[in-house]
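Here is how names work: the chains are called A, B, and so on, in the same order as the sequence lines, proteins then strands, and each is numbered from 1.
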Amino acid sequence: MRNTNGGIIKKLSMRIMRKNRMRNIFAVAAITLTCLLFTALFSMGMSIAELIQNQTMEEVGTRAHAGLKNVTMEQYEKISKYPSVVSSTWNIYLGTAENFSKRQAEIRVAKNEEELDHSFASLKEGRLPRRKDDLVTDTIILKELEIPAEIGEKVHVEFTFHGEKISRDFTLCGWYEGSEVNHASTLYVSEDYWESLRGDASWEELLRWDRNHPENNHAGLVSGNIFFKNSRNIEENIRKIIENAGYIPEDSGQPADENTILYGVNWAYMSSRAESVDPLTAALLCFIFAVILITGYLIIYNIFQISIVGDIRFYGQLKTIGATKRQLRRIVYRQALLLCIPGIPAGLLFGIAAGKLLLPLALRTIQGTETGEISLNPWILVFGAAFSLLTVCISSRRPARIAGNVSPVEAVRFSENDRIKKKEKKSQKSAGIRRMALANLGRNRRKTAVVISSISLGIILLEIVMSAVGSFRIEEYLTSRIAGDFEIGNAGLFNVGSLVADFEIDGEYLEGADSQPGIEQTGEVWWGNIVPHELSDNAYGRYKELLSEGKLRADEYMEEQSKPENIAKYRLDIEEMRYGYTDNLLKNLTPVKGEINLEKFAQGGYVLVQQQTADQMEKGDTLYEPGDKITLQYRTPQSEYYEKTDGAGIKLSGYTNMDAREYTVMAVIEDIPYSMSTPFQNINGLTTVVPLQDLKNAYGAMMIAKTYEVDQKDQEAFEEYLEFYTTQQNTEMDYVSRQKLADEFYGMIQSISVIGYALCAVIALIGILNFTNSMLTGIIARKQEFAVLQSVGMTKRQLRSMLLWESAYYLLICAAVSIPAGSLLAWKLIGVLNDVILCFDYRYTGLPYLIMLPAVTFAAAAVSLGACRQVGKRSIVESLREAE
Amino acid sequence: MEILKTVELKKYYGRGEAMVKALDGVSMSVQQGEFAAVVGSSGSGKSTLLHMLGGLDYPTEGQVFVDGREIFKLDETQLAIFRRRNIGFVFQNYNLVPVLNVYENIVLPVELDGEKPDRDYIEEVMQTLGIGEKRRSLPNQLSGGQQQRVAIARALAAKPAILLADEPTGNLDSRASQEVLGLLRLTGERYSQTIVMITHNEELAQLCDRIVRIEDGKIRGGGGR
Amino acid sequence: MIWVIPVLAIAALLLMGAVYRRKLRRFSHILEEFQRDGTLPEQSLRDTVESKLESQLIGALRRVSLQEERARQEKNEVARLLSDLSHQLKTPLANIVMNTEILKNGGLQSEKQTEFLLRNEEQAKKMQWLMKNLVKASRLEQGVISFACESAPLHETLARSISGIYAQARSRAIKIDTEDFPPVFPVHSPNWTAEAIGNILENAVKYSPEGSTIRIRVNKLEMYVKIEITDSGPGVPKSEYNCIFQRFYRGKNTSDMEGSGLGLYLAQLIARNEKGYITVGENPQGRGSCFAFFLPLL
């Protein structure tokens, strides 16, 4: 039976707590700050993760965990009956409306309103379709049709169902807010209408029809949306319920037949997990996490260490009376936990508030948007509290052990410096004030080290943040993103990652822009489609060289034709991408080898070659050197696309009837700025810049962007027009503006800096708190010593200057630690970002030291002087006696 | 009946030339119920001896038997439990827990053992020692003599077999010293305690049954019967 | 699966029972051992309730055995007292027998006869005194005499003991000087205390040089009343502090003085029975000794 002696432990912890009021204040502040940092971090992380998940779901179009694809109603019902299915809904795809050009509009029948809610189509007004001609759709479609969002409006819809053209008017009975994130809008019709459309066809017949008509796109079949208890093992669960219903899930290794069921797993539930976090963000989060943990540890540890050492006699006494090691440790742990009671809730509260404040800034950096609700997931509180508690426990481990291991004999005469082996300082040339101050730092080295690392951490962090902020290159960024003040083009051009090869500019848009007042200069970006390129002998040799050096990208999924080893082996054609620019844009190209002579270039016969861009390539790696002859193929109106299989069994494709022209390479240029190229990257291929005239005349070439330099005073009007056209007239058109980009860029830097500086501020605060605590406790612990010093004739002035020197030494060591460490770390860490972040180039800054060191100096001096006054108030005799 | 025995107890500090022999082969024994004084000048090793008797410090060599049990064979936790059940300490500087009041200080060893204090007994001890009125006071509100009487009461609270007193009157004036000593003697008799007291003052030792003299870490007389 | 629970419960109960029995057996074992030959086993030192109870049991038994030991010592003490008594009585008895023999033989002048008779009487009286005091001492030792202690005025007690020694002091021109002190009421038995203080005073008068002063000072301490008796005699060497209160102890340099070695012994016995005590020290003003008699206030 365990001996129940918890009561006295409680009482003792409580009493010794009450004695250490100042310690408690510091400790609670430290715990609060640590918890604040953790909670803010978690709440922001969680909010962002939830936001991403929500966005992904919206893209997918449903919140359901899994979906059944193209099933009959019987199959759906049989499968969704399984008990692990918490809820399920369905919809039936009837076809895609053909009378809307800008937005894809799918016609569906929905089971109920729940289905709409899960599909991000919650009704703003109205009800579900009930009558045959009822219809529900979204604001985007209504806008295109220029129909007000009002119940009772007529909507004309044309579509094809099972080969039959249908044209029909519906009446609006409800509408929902459309989202651009979702690629399509939905027109919901009633079940009655579906029944009339379906007629007598049985589900089996519908299924059979679908199998035999691939162009049907599964019209007339059910999509089931399944919810499980939670989002774990969705794939396993869905396969299980399909099998349970007597069907065969797809990819079961059996040939597909009528019993095979296709299913989908909502990847929003998978992608928001670890794999979707890019390693940089993950590393950053880990770094911040570690910094918080270390800071929290440093200060809480230091506070407890100092207070335990101060109370060591107390623990020693208890030990002589017969308290066991365990009991003493429990007293320490209990105090730590008691201090958590006010500290952690306060930290959680402040943390959530801080998260709420900083979330928009964080979102701006990561997502580019600012809207987003702070997550109030209870796990944030649980994690915040748990990690703060963990930090507290880790921090009080060593102090607890010290208390537990105190030797009862030593405790009776323990004082702060007893732990250090006493070395008699023989060289007492002059018992200088400074020497004494330095010696004081040395008497508790561990404490000194903790304080110094705590302050240094803040300074180092600030150096890192400020270096990072200072290393963004706005000019570089702007030139890479935009030429001129405005650049107009197809939305597909500006949307990085777009896979739609549609870069055509709306003629009306172009005309409209050109007719605006204040245009000073324009520039044009032309693009010729991708064509095969036959390598010259020299280029072939360099190609093989690059291959042997492993610099060409080789994916196993590449087509045979594109595999570098095949190209090298059979001397196949590579792909060539071709640009043409007006002279003012050509100036933005930077030569790596050779020189660009614009006049000579304009005369024709010359071409610029972009250096190779694959990941492994080094600057200047190229297939053609300046002066090389190069033959480029132009498509002609007679060119036709072909595919054939050559003798080696490789499928080849290309164009017939090409027009070959010979050029001389004038220069090899650096990567063409984003603003002057398509989002396509011709990785292993060749990218060239030909004289604009050649490209303008070529077949299949087109202008993909036009840049404008506009008089300052007309810029606003110009942008207004672009804004109007791209949002109201043709949403496929888009533009970028220098001002907007600059604002965006500054916004991103600003949010990084605010978050970074906030973190630095809190950590610096913790550092100073730590220092203050150490100084004050150090001075209080040495009260008697000071009294002795004063009794042998040290003046108060000398005492004060000794204390000041002590803080000066702290600072000197801090500077000696943080300046090299901060500079080195910033260089190492920020240097890595050079390659990761666009337009980022590490630049050293010494500003943090200039800010922090004087600030800490000021704080340190204030603390020392304040403490000194406290000591000075008492008479020597009083101080001498008090120590007893 | 022998309750306390040391065999060739040695405690050396340091090494080589700088080595200090605080105890150099001390063998002594104390009978049950005895009030023994260990007398020696300061630096004679008497405090070290007392620390060893109470298991507060480990010897370099030799054994200490308490109630027939060799205490340095116990592990640390066992030793702590052994101490709180069998040994009471009274120190020169009282060593009261400053944050606990008189009553709480007295019952501390009992409570550390997870026991409900025997209120009548504690009451009686407090009356005997004349601190009944002061039960709610904090140690710093008491005079030295009163603090030491609290310390004696605390040492008696767990009814230990042995009471070890290290210069119990070292911080007291002569009046308070004689009082405390008388009380020590009185309570020792009343509660059947074995008491070993360390002192450098011969005059104070006269109330003891036996005087062990220690000089330079060696017994110079009175070591055993 | 359901049947597992009761089976487990029963198993757990049986196990608990077994453990409980084992613990009980350990306790009964300790008691048996102790009753058989008075030995106590080693305590088990764990932070458990059983271990604590065991320690308490052993502690209680130890106190019992200690009291038995004390009783045994007291018996021995009485035996020793008897032998001391016979030793002390030997000389006077032998004197009486010898004197009586001389008287029986006759042939003595009447003056001489009277002298021998007086000597006999003196020896007999001495024997009587010895007997009386030793019996008193033995009773005090054994605690047979219980005196009614009460809060009584010290002034009276002190006056009684001084008046008992007054004549003797005067015969040697020794002054007894009592400092004034406010009335105190220590808990004591006036009769016995007067005797004890009387013994100390008698000692002081005996060893003090003629014409000197014996000072009595009363101090009220926190828990005790301290009665200091300072003389200017030869003093007590420090090495004898611990011995002078022992029975029949005679100071090494006092062999030329007459004395029984019982007075201080008796005084100490009385003091202890009153929960007080006597200590000896040096005369702070110079030559001589200072006896301090402590009487409890409560």
- Residue B/Ala161 versus chain C: region with a heavy atom under 4.5 Å: both
- Looking only at B/Arg149, B/Arg190, B/Glu179, B/Gln127, the option with the highest number of non-hydrogen pairs under 4.5 Å against chain C is B/Glu179
- The interface call for B/Asn86 against chain C, heavy-atom contacts under 4.5 Å, is side chain
- Message: For the interface with chain C, which of B/Cys208, B/Gly130, B/Gly182 has the highest count of heavy-atom pairs at distances below 4.5 Å?
- Response: B/Gly182
- Item | Interatomic distance, C/Phe294 atom CZ to B/Leu181 atom CG [nearest 0.5 angstrom] | 9.5 Å
- Item | Pairs involving residues 286-298 of chain C, ordered by first then second residue, that meet side-chain hydrogen bond (donor to acceptor under 3.5 Å, both in side chains) (sequence neighbours left out) | C/Asp231-C/Ser289
- Bottom line for B/Leu207: the part with an atom under 4.5 Å from chain C's heavy atoms is both
- Item | Per-residue contact mode, C/Ser65 against chain B (heavy atom under 4.5 angstrom) | side chain
- Message: Strictly less than 4.5 Å between heavy atoms, which residues of residues 217-230 of chain C line up against chain B? Please order them by number.
- Response: C/Asn219, C/Lys220, C/Leu221, C/Glu222, C/Met223, C/Tyr224, C/Lys226
- By a 4.5 Å heavy-atom criterion (distance strictly below it), what part of C/Tyr277 contacts chain B: side chain, backbone, both, or neither? side chain
- Sort B/Thr194 into side chain, backbone, both or neither according to what part of it lies under 4.5 angstrom from a heavy atom of chain C. neither
- Item | Side-chain heavy-atom pair B/Arg85, C/Gln56 within 4.5 angstrom cut-off | no
- Message: Give me the atom names and distance for the closest heavy-atom approach of B/Ile3 to C/Arg62.
- Response: CD1-CD, 3.8 Å
- Task: Supply the atom-to-atom distance B/Ile81 CD1 to C/Ser55 OG, rounded to the nearest 0.5 angstrom.
- Result: 8.5 Å
- Task: Answer with side chain, backbone, both or neither: which region of B/Gln178 has an atom nearer than 4.5 Å to a non-hydrogen atom of chain C?
- Result: both
- Below 4.5 Å from any heavy atom of chain B, which atoms of C/Ile278 appear? Answer side chain, backbone, both or neither. backbone
- If you round to the nearest 0.5 Å, how far is CG of B/Asp67 from CD1 of C/Ile58? 8.0 Å
- Message: Need one label for B/Leu129: side chain, backbone, both or neither, based on atoms under 4.5 Å from any heavy atom in chain C.
- Response: backbone
- Over 12 foreign heavy atoms within 6.0 Å of OH, C/Tyr20: no
- Find the one option among B/Gln78, B/Gln193, B/Lys159 whose heavy-atom pairs under 4.5 Å with chain C are most numerous. B/Gln78
